[in-house]
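Notes follow once the structure below has been shown.
Numbering of residues begins at 1 and proceeds along the displayed sequence.
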Amino acid sequence: MADTSAFKAQPPEGIDAIGASSEGASLYQLIREDIIEGRLAANERLVVTDLARRHGTSTNPVREALQLLRGEGFVTLVPNRGARVRPIDQDFVRDIYEIGVLIEPALTRWFVSMATVEDIAELERIQALIEENDFADTLRHSELDTAFHTVMYQRHYNRHAAELWWKHREVLRAVSRRFNFTLARRAAILSEHRELIEHVKAGNANEAAELIARHVEGSGRHILEHMRARNAARAG
């Protein structure tokens with residue numbers, strides 16, 4: 001099996017993965033983790049001075065981190081009322097993946113029209129690593145899967161669309177890591193990637209766009225199904 005331990009997906013060129021100072025970026029990661037893991041509860045008020053004291057920093061990096069989290073939808077900022085944790089619920093996930101269903105087919109259609117032999121070779125290389133990993137390391141799968149799609153979107157002329165895709169992708173990756181892939185979802189991912197590569201080779205832009213829409217929707221529904229099951233278990 002190929003060694004994928006050092007593999008790390010990177011955002012499309014020109015798009016800052018975080019967009020903050022090193023201290024602000026570090027706080028962003030810590031606070032986001034607390035929100036995702038439930039250590040910061042839904043609708044809990046986020047007081048800048050309290051967070052600065054908790055993390056041993058000044059207030060400016062905290063404000064920077066909260067603005068980043070607001071941009072991703074994890075935090076709401078209300079004038080004169082401060083910041084609060086946005087509930088990471090099914091509506092949140094649905095809204096994000098439905099935007100992906102709208103954006104990614106357009107990005108894919110453009111990619112098919114511009115794809116080079118080198119692009120196709122890179123897709124096949126990453127897909128081979130995905131198949132060799134075979135979901136044994138789910139974090140590594142996530143990195144490789146993100147890299148696979150980045151190959152298609154990284155050169156798109158609409159940088160706003162590419163950045164929105166990346167940010168939403170990172171949100172869904174963060175939320176989904178709490179859940180295991182079902183066998184059906186594993187099979188769908190592998191087969192759809194292979195089918196997508198064949199459409200790119202053949203120049204089938206419309207077919208590739210339709211496939212990616214199903215692929216994104218399938219991923220979103222998979223997360224929602226896990227969330228529903230978890231909520232039902234808690235309620236029962």
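- Residues meeting the side chain to side chain donor-acceptor pair (under 3.5 Å) test with Arg178, sequence neighbours left out: none.
- Every residue meeting the ring-ring contact (aromatic ring centres under 6.0 Å, His included) condition with Phe135, not counting sequence neighbours, appears here in chain and number order: His141, Phe181.
- Arg84 places none of its side-chain heavy atoms less than 4.5 Å from the side chain of Val75.
- Asn158 contributes a side-chain N or O that, together with a main-chain N or O of His160, makes up a donor-acceptor pair within less than 3.5 Å.
- Residue pairs satisfying the side-chain hydrogen bond (donor to acceptor under 3.5 Å, both in side chains) criterion with at least one member in residues 45-54, sequence neighbours excluded, are listed as follows: Asp50-Arg53.
- Side-chain N or O atoms of Asn231 include one that pairs as donor or acceptor with a backbone N or O of Met227 at under 3.5 Å.
- Side-chain contact, Arg63 with Thr59: a donor N or O sits under 3.5 Å from an acceptor N or O.
- A salt bridge does not link Arg86 to Glu72: none of the charged nitrogens lies less than 4.0 Å from a carboxylate oxygen.
- Closest heavy-atom contact between Val200 and Ala115: CG1-CB, 3.7 Å.
- Residues Leu139 and Leu144 do not share a hydrophobic cluster, defined by chaining ILVMFWY side chains whose heavy atoms lie under 4.5 Å apart.
- Here ring pair (Phe, Tyr, Trp, His ring centres under 6.0 Å) pairs that include residues 60-91, with residues two or more places apart or in two chains, are Phe74-Phe92.
- Within the 4.5 Å cutoff, side-chain heavy atoms of Ser219 are placed close to those of Arg185.
- Between His193 and Phe148, the ring center distance clears the sub-6.0 Å criterion.
- With Glu195 contributing its side chain and Glu192 its backbone, the two residues share no donor-acceptor pair below 3.5 Å.
- For residues 100-113, the pairs satisfying side-chain hydrogen bond (donor to acceptor under 3.5 Å, both in side chains) are Glu104-Tyr153, Glu104-Trp165, Thr108-Tyr153, Arg109-Asn206, with sequence neighbours left out.
- Each of Arg173, Gln127, Arg169 was compared with Asp145 under the side-chain hydrogen bond (donor to acceptor under 3.5 Å, both in side chains) criterion, and only Arg169 meets it.
- Residues Tyr97 and Leu172 are in side-chain contact: their nearest non-hydrogen atoms beyond the backbone lie under 4.5 Å apart.
- By the 4.0 Å N-to-carboxylate-O rule, Glu198 lies close enough to Lys201 to be salt-bridged with it.
- In this structure, Arg221 does not pair ionically with Glu225, as no charged nitrogen and carboxylate oxygen lie closer than 4.0 Å.
- Remark: of the listed residues Leu196, Leu107, Val112, Leu196 is the sole one forming a side chain to side chain contact (heavy atoms under 4.5 Å, CB included) with Met152.
- Glu33 and Gln29 form no side-chain donor-acceptor contact under 3.5 Å, judged by distance and modelled atom types alone.
- Clustering ILVMFWY residues whenever any of their side-chain heavy atoms sit less than 4.5 angstrom apart, transitively, puts Val48 in the very cluster that holds Leu77.
- Put simply, the side chain of Asp119 gets close to the backbone of Thr116: a donor and an acceptor are under 3.5 Å apart.
- The stretch residues 35-69 participates, sequence neighbours left out, in no ring pair (Phe, Tyr, Trp, His ring centres under 6.0 Å) pair at all.
- For the atom pair Arg194 CZ and Ile130 CD1, the distance stands at 9.0 Å (nearest 0.5 Å).
- Considering OG1 of Thr57 and CD of Glu23, their distance stands at 3.0 Å, rounded to 0.5 Å.
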